[in-house]
Amino acid sequence: MVTHVLLENSDLNTYSPDIAVPADRRVFGARDLFSLWFSLGIGLMVLQTGALLAPGLGLSGSLLAIFLGTLAGVLLLAAVGVIGSDTGLSAMAALKLSLGTRGASLPALLNLLQLVGWGSFEIIVMRDAASLLGTRAFSEGSLLASPLLWTLVFGGLATLLAVSGPLTFVRQILRKWGIWLLLAACLWLTWNLFAKADLAALWSQAGDGTMLFAVGFDIAIAMPLSWLPLIADYSRFGKRAKSVFGGTALGFFIGNFWLMSLGVAYTLAFAPSGEVNALLLALAGAGLGIPLLLILLDETENAFADIHSAAVSSGMLLRWKVEHLALVIGVICTLIACLAPLAQYQNFLLLIGSVFAPLFGVVLVDHFILRRRGRGAVTHLHWPALVAWMGGIAAYHLLANLYPNVGATLPALVLAGLLQFILGLAFSGARASAQA
């Protein structure tokens with residue numbers, strides 16, 4: 001039945017990345033976007049990210065870092081989402097308004113590379129978790145403990161969802177029943193935590209000091225900001241800017257804060273060693289492992305978003321249909337997950353990802369302040385925006401290497417935006433004087 005629905009509605013999901021979605025086909029309301037971003041804010045990687053903060057900051061420090069980092073991140077994420085609803089364009093196509101047609105090709109290529117990597121990374125995370133749970137439930141040699149089997153299962157499912165497109169996925173699957181299953185899983189894990197853990201004792205226990213608060217904040221804000229290069233691929237189907245902003249911010253904040261906080265609390269209460277396997281096994285003990293299984297399946301939605309947006313980005317470079325590109329990219333991600341060890345990707349993905357926070361500092365200032373949410377003129381190359389972007393990237397790596405305790409993500413974004421404001425005004429003033 002699900003496959004039939006996916007194929008039946010596939011024609012609704014294949015808008016060209018370079019062409020604005022018509023107003024009458026923008027069907028996402030606040031509830032649709034809440035469902036999507038609540039779901040994308042939940043996942044095994046979110047739980048494991050919370051586990052990273054737990055030993056160094058303790059429960060109280062971790063929750064404060066998560067609250068502030070997630071709040072700042074979702075406000076920026078939702079603001080970028082409004083750009084998609086204002087223009088009707090995909091994330092990378094909208095960059096042409098700020099960087100020019102040639103200038104937007106570089107971030108489109110970088111986005112394609114990082115999304116292929118992250119799509120593979122998501123499949124690997126799901127495979128490892130499912131294999132571990134299969135070994136625990138059956139035996140090490142069991143078919144259900146086979147890493148290859150789970151790689152193919154999760155890779156195939158994520159690819160199928162990506163080929164179906166965001167309209168079908170959100171309205172036919174996630175909004176109707178997916179979000180209710182996720183809510184049930186989160187509520188069960190929360191109830192189990194309150195029933196079995198001494199939260200008062202954990203709250204009064206300080207962290208061991210191995211992580212500074214600024215570093216914890218930077219880790220927390222990185223979760224919503226990692227979606228900046230993707231969000232307009234989905235918000236371009238939004239009916240109104242207010243619904244896009246509110247649904248996105250509220251949905252992602254609740255999902256991300258809730259799950260990352262559970263990752264912290266479960267680690268401190270049941271997996272004090274901080275190991276990923278210990279955390280997974282502790283989660284598996286709640287509700288016969290059913291809540292963890294639902295969250296594991298939800299992780300497929302993150303891989304879906306990576307694969308679909310990678311197809312949209314590559315659609316700017318290749319003139320293929322998005323669903324065909326999604327199929328090819330899904331197969332590539334699955335093959336990478338089958339053949340390559342995870343360790344080879346982490347540093348590369350972090351390096352690629354460091355370019356996008358400064359980039360969207362430029363884009364936000366250009367769209368909301370300089371162009372005042374208008375389309376403006378598109379040229380081959382907007383060099384002031386490129387200079388501001390490069391300045392932000394330089395600031396990011398300077399801070400990360402010389403002042404790691406300060407954090408680099410938010411300062412680099414703000415600096416790039418400030419440079420864009422100064423250079424944008426100077427460039428437009430010089431051009432006006434020359435025309436006069």
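Below, each value reflects all heavy atoms present in this structure, side chains not excepted, and no hydrogens, waters or symmetry copies.
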*Mind running side-chain contact (heavy atoms from CB on, under 4.5 Å) on Leu161 and His308 for me, showing each step along the way?*
CA-CA 8 Å; Leu161 293 174; His308 173 76; over 6 Å; no
*Would you say the side chain of Asn302 lies within less than 4.5 Å of the side chain of Phe121, judging by non-hydrogen atoms?*
no
*asked:* Using side-chain heavy atoms (C-beta onward) and a distance below 4.5 Å, is Trp258 in contact with Thr70?
replied: no
*Can you say whether the rings of Phe34 and Phe38 are parallel (under 30°), tilted (30 to 60°) or perpendicular (over 60°)?*
parallel
*Using a 4.5 Å cut-off on heavy atoms from C-beta on, say whether the side chain of Leu230 contacts that of Leu115.*
yes
*Would you call Lys96 and Leu89 a side-chain contact if the rule is heavy atoms closer than 4.5 Å?*
no
_pair Leu106-Leu110: side-chain heavy atoms closer than 4.5 Å_ = yes
*Could you walk me through whether Ile219 and Val215 pass side-chain contact (heavy atoms from CB on, under 4.5 Å), step by step?*
CA-CA 6 Å; Ile219 291 174; Val215 178; 4.2 Å; yes
*asked:* Can you give me the closest heavy-atom contact between Thr159 and Ala326, atom names plus distance?
replied: CG2-O, 4.0 Å
*Please, which pairs that meet side chain to side chain donor-acceptor pair (under 3.5 Å) have at least one residue in residues 203-215, sequence neighbours excluded?*
Asp208-Thr210
*Look only at the side chain of Arg127 and the backbone of Phe154, and say whether a donor-acceptor pair between them is shorter than 3.5 Å.*
no
_Is there a side-chain contact between Val355 and Trp389 in this structure, where contact means two heavy atoms from C-beta onward sitting under 4.5 Å apart?_
yes
_Phe253: which of Val74, Thr248, Leu75 passes side-chain contact (heavy atoms from CB on, under 4.5 Å)_ = Val74
*Val116 and Ile336: which non-hydrogen atoms are nearest, and at how many Å?*
CG1-CD1, 3.8 Å
*How far apart are the closest heavy atoms of Gly58 and Val264, and which atoms are they?*
O-CG1, 4.3 Å
*Could you give the distance from CG (Asp128) to CE (Met126), rounded to the nearest 0.5 Å?*
10.5 Å
*Describe, in one word, how the ring planes of Phe237 and Phe28 are oriented to each other, choosing from parallel (under 30°), tilted (30 to 60°) and perpendicular (over 60°).*
tilted
*For Tyr234 and Asp32, does a side-chain donor sit closer than 3.5 Å to a side-chain acceptor?*
no
*Ser226 side-chain N/O to Met223 backbone N/O, donor-acceptor pair under 3.5 Å*: yes
*Looking at Ala395 and Leu415, what are the two nearest heavy atoms and their distance?*
CB-CD2, 3.3 Å
Output a table of donor-acceptor pairs, distance under 3.5 Å, between side-chain atoms of residues 357-367 and any protein atom two or more places apart or on a different chain; print 'none' if there are none.
residue	atom	partner	partner atom	Å
Asp366	OD1	Gln420	NE2	3.4
Asp366	OD2	Ser98	OG	2.7
Asp366	OD2	Arg371	NE	2.8
Asp366	OD2	Arg371	NH2	3.0
His367	NE2	Asp86	OD2	2.9

*Donor-acceptor pair, Ser235 side chain versus Val244 backbone, under 3.5 Å?*
no
_Separation between CZ of Phe356 and CD of Gln114, rounded to the nearest 0.5 Å_ = 4.5 Å
_I'd like to know whether Ile83 forms a side-chain contact (heavy atoms from CB on, under 4.5 Å) with Phe368, so could you lay out the CA-CA distance, the side-chain angles of the two residues, the decisive distance to 0.1 Å, and finally the verdict._
CA-CA 9 Å; Ile83 297 176; Phe368 287 101; 4.0 Å; yes
*Within-4.5 Å side-chain heavy-atom neighbours: Met92 and Pro229*: yes
*asked:* Nearest 0.5 angstrom please: Leu76 CG to Leu71 CG, how far?
replied: 10.0 Å
_Thr334 side, atom OG1; Leu339 side, atom CG - distance, nearest 0.5 Å_ = 10.5 Å
_Smallest separation among heavy atoms of Gly155 and Ile123, with atom names_ = CA-CD1, 3.8 Å
*Sequence neighbours excluded, which residues qualify as side-chain contact (heavy atoms from CB on, under 4.5 Å) partners of Leu199?*
Leu193, Phe194, Ala197, Leu202
*Looking only at heavy atoms, what is the nearest atom pair of Pro224 and Leu77, with distance?*
O-CD1, 3.7 Å
*Are the side chains of Leu53 and Thr267 in touch, meaning some heavy atoms are under 4.5 Å apart?*
no
*asked:* Using only atom types and a distance under 3.5 Å, with no angle test, would you say the side chain of Arg26 pairs donor to acceptor with the backbone of Ser85?
replied: yes
*Could you tell me the separation between the CG atom of Asp306 and the CZ atom of Phe304, rounded to the nearest 0.5 Å?*
10.0 Å
_Could you measure the distance from the CG atom of Leu327 to the CG atom of Leu160? Nearest 0.5 Å is fine._
10.0 Å
*Apply the test side-chain contact (heavy atoms from CB on, under 4.5 Å) to residues Tyr266 and Leu47: give CA-CA distance (whole Å), side-chain angles for both, the deciding distance (0.1 Å), then the verdict.*
CA-CA 9 Å; Tyr266 266 82; Leu47 286 163; over 6 Å; no
*Counting N and O atoms only, with roles assigned by atom type, does the side chain of Asn256 sit under 3.5 Å from a partner on the main chain of Phe252, one being a donor and the other an acceptor?*
no
